[in-house]
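Index from 1, following the sequence.
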Amino acid sequence: MTQPARVLGPVPSPASARAVMERLATQLGRAVQGKPEEVRRVVTCVVAGGHLLLEDMPGVGKTTLAEALARACALSFSRIQFTADLLPADILGAQVFHAQTATFSFRPGPLFRQLVLADELNRAPPRTQSALLEGMAQGQVSLDGQTHALPSPFTVVATQNPVDFSGTYPLPDSQLDRFLVRLSLGHPAPDVEARLLTTRGAASPLPSVEAVTGPEELASLRDFAQDVKLDAAVADYVVRLARATREHGDLERGASTRAVLALGSAARAQALWEGRDFVTPGDVRAMLVPCWAHRVLLRSAVQGVSARDEAAHLVEEIARKVAAPR
């Protein structure tokens with residue numbers, strides 16, 4: 001699916017960057033109502049150039065959110081339903097033989113879109129998950145000795161059910177680390193559900209979502225976000241947070257160097273919400289749990305919702321004990 005892109009100029013200032021992000025959040029809010037903070041984090045993740053993991057029960061709007069994001073950004077879109085029999089070639093594509101010319105040509109798979117929804121990613125076997133991993137990490141895929149670049153900007157929104165693990169292949173740590181942010185939408189508040197019943201019913205909200213930016217402006221916005229200043233004091237704060245996770249007795253593994261860099265990118269994008277061109281400790285705190293809770297490993301063997309909540313609790317606890325620069 002490709003939406004018509006608006007003709008928009010570059011992003012020259014923090015204020016104009018914020019304006020683009022607010023427009024995106026407004027459009028996503030039309031599709032997923034009653035979740036303004038979660039929507040802002042989705043926009044922050046995309047502006048930071050990261051991939052998004054949505055963990056939630058079925059029927060809370062994960063797929064709708066991904067499709068709305070593609071529409072609002074005017075990105076080409078594909079949805080891949082991950083199942084136990086899905087093969088790498090089903091997502092990457094394959095070499096096709098042409099009998100008339102006795103030659104092969106590459107036929108791209110559904111991964112060759114600017115925004116890919118990897119639905120129920122943990123239902124696919126590790127080999128297929130790994131095929132997705134290279135694309136997420138390097139923006140390219142290798143097939144039959146040839147390298148094929150993915151379209152730019154390239155973003156993966158993956159979903160998984162945090163409760164039903166029967167017949168699934170839990171994502172390995174290396175793959176979890178590829179996601180900049182992990183979020184849960186959760187059920188909307190009762191008044192929001194009642195409003196949906198009376199105003200929308202079973203109708204899809206997607207037709208109401210408009211394209212408010214395009215691939216070129218999004219790429220420019222990402223470049224601009226990477227230039228947001230992060231001074232030495234804030235960098236030291238992030239490193240001290242990481243060391244605290246590595247030394248915590250309840251964690252078998254703390255934040256990696258990749259996690260440190262990811263938090264820096266997310267904090268830079270978060271700063272743009274305030275129209276600033278510099279990162280504050282508050283920006284770091286705002287993105288700490290979404291960026292790190294899925295990257296740390298508990299010593300206990302709990303899984304699913306309990307592990308997610310416990311990891312978030314520990315990261316929050318660590319953040320309260322590590323002094324922020326003034």
Side-chain angles (χ1 to χ4, degrees), residues 11 14 17-18 20-22 24-25 28 35-55 65-66 69 73 115 136-137 139 153-158 173 175-185 213 218-245 254-296 308 311-312 314-316 318-319 322 324-325:
V11 180
R18 175 182 177 177
V20 174
M21 294 168 72
E22 288 181 341
L24 280 173
L28 297 187
K35 298 292 178 181
E37 288 304 315
E38 289 79 2
V39 163
R40 282 170 64 98
R41 286 176 178 170
V42 169
V43 174
T44 304
C45 175
V46 172
V47 170
H51 305 290
L52 174 66
L53 177 62
L54 293 174
E55 274 194 352
L65 177 62
L69 182 60
C73 296
L115 194 149
M136 293 172 60
F154 177 72
T155 300
V156 170
V157 177
D173 297 338
Q175 187 146 330
L176 276 176
D177 207 30
R178 303 297 179 185
F179 290 98
L180 182 70
V181 166
R182 183 181 66 175
L183 290 178
S184 295
L185 294 175
T213 187
L218 180 58
S220 174
L221 184 53
R222 287 181 170 184
D223 291 341
F224 186 80
Q226 288 303 308
D227 288 335
V228 170
K229 292 185 285 292
L230 193 154
D231 68 24
V234 177
D236 176 69
Y237 177 50
V238 174
V239 172
R240 285 189 286 114
L241 286 168
R243 289 183 58 186
T245 65
S256 66
T257 301
R258 181 184 291 137
V260 169
L261 298 175
L263 181 56
S265 296
R268 286 182 166 96
Q270 176 67 24
L272 294 177
W273 282 112
E274 303 300 327
R276 284 186 271 102
D277 64 355
F278 60 91
V279 175
T280 68
D283 298 322
V284 174
R285 284 292 305 271
M287 297 307 299
L288 181 62
V289 170
C291 281
W292 281 8
H294 62 290
R295 289 183 160 98
V296 298
R308 181 188 64 196
L314 285 176
V315 173
E316 286 279 13
I318 289 168
V322 176

**Gap between atom CG of L24 and atom CG of L221 - 0.5 Å precision** = 8.0 Å
**Prompt:** Just checking, any donor-acceptor pair under 3.5 angstrom between side chains of T280 and D283?
**Reply:** yes
**Asked** Which heavy atom in P325 sits nearest to a heavy atom in A233, and how many Å separate them?
**Response** CG-O, 3.8 Å
**Message:** Looking at L115, is its backbone amide N or carbonyl O close enough to the side chain of T155 to form a donor-acceptor pair, meaning the two atoms are under 3.5 Å apart?
**Reply:** no
**F278 vs D231 side-chain heavy atoms within contact, under 4.5 Å** = no
**Request:** Determine the minimum heavy-atom distance between G264 and L230, stating which atoms define it.
**Result:** CA-CD1, 4.0 Å
**Prompt:** Would you call V284 and L241 a side-chain contact if the rule is heavy atoms closer than 4.5 Å?
**Reply:** yes
**Item:** Spacing of CG belonging to L288 relative to CD belonging to Q270, to within rounding of 0.5 Å
**Value:** 12.0 Å
**R18 side chain vs W273 backbone, donor-acceptor pair below 3.5 Å** = yes
**Asked** Heavy-atom distance under 4.5 Å between the side chains of C291 and V181, does that happen here?
**Response** yes
**Item:** Heavy-atom side-chain proximity of R178 to R258 below 4.5 angstrom
**Value:** yes
**Asked** Between CZ of R295 and CH2 of W292, what distance do you get to the nearest 0.5 Å?
**Response** 9.5 Å
**Request:** Please confirm whether the backbone N or O of R182 pairs with a side-chain atom of R41, one donor and one acceptor, at under 3.5 Å?
**Result:** no
**Reported CG-to-CG distance for the pair L52 and L65, which is rounded to 0.5 angstrom** = 7.0 Å
**Message:** On a heavy-atom basis, which atom in A48 and which in L180 lie closest, and how many Å separate them?
**Reply:** CB-CD2, 3.6 Å
**Request:** Considering non-hydrogen atoms only, spot the tightest contact between V157 and A66 and give its length.
**Result:** CG1-CB, 4.1 Å
**Prompt:** Hey, does the side chain of H294 reach the backbone of F179 with a donor-acceptor pair shorter than 3.5 angstrom?
**Reply:** yes
**Item:** Heavy-atom side-chain contact between R268 and V279 under 4.5 Å
**Value:** yes
**More than 12 heavy atoms of other groups within 6.0 Å of R243 CZ** = no
**Item:** Heavy-atom pair with the smallest gap, counting every atom of L272 and F224
**Value:** CD2-CE2, 3.8 Å
**Asked** Is there a side-chain contact between V42 and L69 (heavy atoms, below 4.5 Å)?
**Response** yes
**Item:** Under 3.5 Å donor-acceptor, T245 side chain and A255 backbone
**Value:** yes
**Item:** Distance, nearest 0.5 Å, that separates CG of L28 from CD of E38
**Value:** 12.0 Å
**Asked** Can a salt bridge be assigned to the pair R285 and E316 using a cut-off of 4.0 Å between side-chain N and carboxylate O?
**Response** yes
**Item:** Validation row: D177, S256 side chains within 4.5 angstrom (heavy atoms)
**Value:** yes
**Complete:** Taken to the nearest 0.5 Å, the spacing of M21 CE from T213 OG1 works out to 11.5 Å
**Item:** Minimum-distance pair of heavy atoms, taken over all atoms of P290 and L183
**Value:** CB-CD2, 4.3 Å
